[in-house]
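For reference, the structure is listed below as structure tokens.
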Amino acid sequence: MSTRIVVTGTDTGIGKTVFSAALAGALDAFYWKPVQAGIEEETDRDAVQRLSGLSAERVLRETYRLKTPASPHLAARLDGVTIDPGALALPG
């Protein structure tokens with residue numbers, strides 16, 4: 001089994017994406033954010049790929065891409081989306 005690292009934190013703008021990019025790039029790992037809330041600007045996936053130097057194949061697509069920039073549960077409710085926890089299994 002592979003080692004899996006979860007990066008978490010509260011609030012926006014505290015560095016989760018930058019830290020994730022540095023970590024994934026240093027480890028030549030895969031990056032996956034299961035729910036992206038807010039897609040008008042650069043997404044976290046886009047930023048991680050740009051900052052990490054990882055190939056596109058190592059930066060996995062989100063399971064849910066929500067328009068509203070808010071917490072995933074609120075964005076899903078406002079966007080009329082039901083998040084199925086069963087769909088949030090780690091890829092591969």
Side-chain angles (χ1 to χ4, degrees):
M1 174 186 242
S2 310
T3 299
R4 295 175 178 180
I5 300 170
V6 177
V7 176
T8 66
T10 58
D11 244 335
T12 298
I14 63 167
K16 297 181 298 286
T17 302
V18 172
F19 180 79
S20 295
L23 183 64
L27 297 175
D28 193 31
F30 286 85
Y31 170 85
W32 178 56
K33 181 175 184 171
V35 181
Q36 172 69 53
I39 56 173
E40 290 184 13
E41 297 178 17
E42 182 179 52
T43 65
D44 290 4
R45 180 178 180 266
D46 297 333
V48 167
Q49 187 165 0
R50 178 176 53 79
L51 295 169
S52 68
L54 292 172
S55 65
E57 296 80 32
R58 291 195 166 276
V59 183
L60 306 175
R61 195 128 180 87
E62 306 91 341
T63 302
Y64 293 96
R65 292 174 55 93
L66 306 169
K67 291 181 182 179
T68 303
S71 61
H73 74 286
L74 178 58
R77 184 170 53 109
L78 294 173
D79 291 1
V81 173
T82 300
I83 296 176
D84 174 12
L88 300 178
L90 289 169

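This chain uses plain numbering: 1 for the first residue, then up along the sequence. Worth saying up front: this structure is predicted, and the values here are computed from it rather than measured.
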**OP:** Step by step, work out the side chain to side chain contact (heavy atoms under 4.5 Å, CB included) result for I39 and L66.
**Re:** CA-CA 7 Å; I39 56 173; L66 306 169; over 6 Å; no
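Grouping Ile, Leu, Val, Met, Phe, Trp and Tyr residues whose side-chain heavy atoms lie under 4.5 Å apart, directly or via other members, places L74 in a hydrophobic cluster with L78.
Shown here for F30 and L60, the closest heavy-atom pair between the two residues is CD2-CD2, 4.0 Å. Closest non-hydrogen pair, T8 versus V6, comes out as CG2-CG1, 3.6 Å. The two atoms that bring K16 and D11 nearest to each other are NZ-O, 2.7 Å, heavy atoms only. When all heavy atoms of S52 and A21 are compared, the pair lying nearest together is CB-O, 3.3 Å.
Scored by the side chain to side chain contact (heavy atoms under 4.5 Å, CB included) test, E62 finds Q36, T43, R45, R65 as partners (sequence neighbours excluded). In terms of the salt bridge (Lys or Arg N to Asp or Glu O under 4.0 Å) criterion, residue partners of R50 (sequence neighbours excluded) are, by chain and number, E42. Judged as a side chain to side chain donor-acceptor pair (under 3.5 Å), and not counting sequence neighbours, the contacts of T68 are D79. Partners of D28 under the side chain to side chain contact (heavy atoms under 4.5 Å, CB included) rule, at least two apart in sequence or in another chain, are L54, R58. Listed by chain and residue number, W32, A87, L88 satisfy the side chain to side chain contact (heavy atoms under 4.5 Å, CB included) test with T63 (two or more places apart in sequence, or in another chain).
Counting heavy atoms from C-beta outward, T3 and L27 have side chains that stay 4.5 Å or more apart.
A distance-only check finds no donor-acceptor pair linking the side chain of Y31 to the backbone of L23 [under 3.5 Å].
The distance from atom CZ of F19 to atom CG of L51, rounded to the nearest 0.5 Å, is 13.5 Å.
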